[in-house]
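A short write-up of the structure that comes next.
All values reported here derive from a predicted model rather than from experimental measurement. We count residues from 1, following the sequence as given.
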Amino acid sequence: TGSSTLSGLAGGSINFTITSKINNPPDSVGDNSRSADYGDSIVFTGADFTSATIPAYNDPEGDAAYQVKILTLPSSGSLMINGNSVGANYTILISEINAGYLVFNPDLGITTTTVLTFEFAVSDIGSKTFTT
C-alpha cells in the first residue's frame with residue numbers, strides 16, 4: 001500500500017497568465033451626403049452615420065455603433081434632438097437617431113443652393129470610445 005505523506009518531495013506550482021480583452025474603438029467611419037428641398041427638414045437615421053458613409057463604419061471586434069458625437073455644427077440652420085438644440089460635442093445614442101429624434105432644420109433665409117456640413121464621430125457598444 002502507498003504512503004499518505006509526501007516526505008522529501010518539493011511542492012510544485014502552476015502559473016496562470018490571463019490576457020486582458022482589448023476592445024478597440026471603431027477604426028473607420030466616412031462621409032455621407034443628404035439633400036432636401038427648400039424648407040424641408042432632414043430626419044437622420046443611424047445608417048447616415050454608419051452603413052451609408054464612405055467608407056462605412058467598421059469596428060475591429062464587430063461591435064455595433066452606440067453613440068454619435070456632433071463635433072461641429074452646420075454654419076446655418078439647426079440640429080435638433082427631440083426638439084432641443086444640439087451643440088458641439090453633444091452625444092446622441094444611435095437608438096435615439098433611429099427613433100427619428102435627430103433632425104436638421106434649415107434656415108429659411110437661404111434662397112440659393114447651399115452646401116452645409118457638420119462633423120461627427122461614432123463610438124461602439126464595446127469600448128464606448130469615439131473614432132478620431
Side-chain angles (χ1 to χ4, degrees):
T1 68
S3 169
S4 61
T5 61
L6 299 176
S7 62
L9 297 177
S13 64
I14 298 175
N15 294 319
F16 290 91
T17 301
I18 309 296
T19 58
S20 62
K21 178 183 178 197
I22 297 174
N23 194 312
N24 295 303
D27 58 10
S28 74
V29 67
D31 300 329
N32 191 4
S33 295
R34 293 283 309 266
S35 61
D37 291 330
Y38 175 81
D40 289 348
S41 296
I42 297 173
V43 178
F44 293 99
T45 67
D48 289 318
F49 300 93
T50 57
S51 60
T53 63
I54 298 174
Y57 165 89
N58 184 66
D59 182 74
E61 295 80 33
D63 293 334
Y66 178 62
Q67 289 182 315
V68 170
K69 181 187 278 189
I70 305 300
L71 301 175
T72 63
L73 297 173
S75 59
S76 177
S78 59
L79 277 176
M80 308 291 283
I81 183 72
N82 203 22
N84 298 304
S85 295
V86 171
N89 294 314
Y90 194 93
T91 58
I92 305 159
L93 295 170
I94 289 287
S95 60
E96 293 176 309
I97 296 170
N98 282 331
Y101 295 150
L102 183 61
V103 177
F104 173 74
N105 295 315
D107 178 354
L108 298 179
I110 295 177
T111 57
T112 60
T113 300
T114 304
V115 176
L116 300 170
T117 301
F118 68 91
E119 295 177 347
F120 67 94
V122 179
S123 75
D124 66 334
I125 192 74
S127 73
K128 295 185 177 61
T129 302
F130 288 95
T131 54
T132 55

Quick check on the hydrophobic clustering: are [X] and [Y] connected, directly or via other members, by side-chain heavy-atom contacts under 4.5 Å?
X      : Y      : value
Ile97  : Phe104 : yes
Leu116 : Ile70  : yes
Val43  : Leu79  : no
Tyr66  : Leu71  : no
Ile94  : Tyr101 : yes

Is any side-chain heavy atom of [Y] closer than 4.5 Å to one of [X]?
X      : Y      : value
Asp27  : Thr131 : no
Asn23  : Asp124 : yes
Ile110 : Ser76  : yes

Give a yes-or-no answer on whether the side chains of [X] and [Y] include a donor-acceptor pair shorter than 3.5 Å.
X      : Y     : value
Glu61  : Asn24 : yes
Asn105 : Ser41 : yes
Ser95  : Asn98 : no

Go through the steps for Val103 and Phe44 under the test side chain to side chain contact (heavy atoms under 4.5 Å, CB included), then give the verdict.
-> CA-CA 6 Å; Val103 177; Phe44 293 99; 6.0 Å; no
Indicate the ring-plane relationship of Phe49 and Phe120, choosing parallel, tilted or perpendicular according to the 30° and 60° boundaries.
->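 Phe49 and Phe120: perpendicular rings.
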Residues, nucleotides or ligands: over 12 heavy atoms within 6.0 Å of Ile54 CD1 |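 No, CD1 of Ile54 has 12 or fewer neighbouring heavy atoms, counting only those of other groups under 6.0 Å.
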Give me the atom names and distance for the closest heavy-atom approach of [X] to [Y].
X      : Y      : answer
Ser123 : Pro26  : C-CG, 4.0 Å
Gly39  : Pro106 : C-CG, 4.0 Å
Phe130 : Pro25  : O-CB, 4.2 Å
Phe118 : Thr72  : CB-O, 3.0 Å
Gly126 : Asp63  : CA-OD2, 3.3 Å

Spatial distance of atom [atom1] ([X]) from atom [atom2] ([Y]) [nearest 0.5 Å]:
X     : Y      : atom1 : atom2 : value
Thr50 : Asp48  : OG1   : CG    : 8.0 Å
Glu96 : Ile81  : CD    : CD1   : 5.0 Å
Ser78 : Leu73  : OG    : CG    : 9.5 Å
Tyr38 : Thr113 : OH    : OG1   : 12.5 Å
Arg34 : Thr45  : CZ    : OG1   : 6.5 Å
Ser28 : Asp59  : OG    : CG    : 9.5 Å

Quick one: do Asn89 and Lys69 satisfy side chain to side chain contact (heavy atoms under 4.5 Å, CB included)? Show the steps, please.
-> CA-CA 6 Å; Asn89 294 314; Lys69 181 187 278 189; 4.0 Å; yes
Does Thr53 reach the main-chain N or O of Ser51 with its side chain, forming a donor-acceptor pair under 3.5 Å?
->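 Side chain of Thr53 to backbone of Ser51, a donor-acceptor pair under 3.5 Å: no, none is there.
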Please test Val86 against Met80 for side chain to side chain contact (heavy atoms under 4.5 Å, CB included), starting from the C-alpha separation and ending with a verdict.
-> CA-CA 5 Å; Val86 171; Met80 308 291 283; 5.6 Å; no
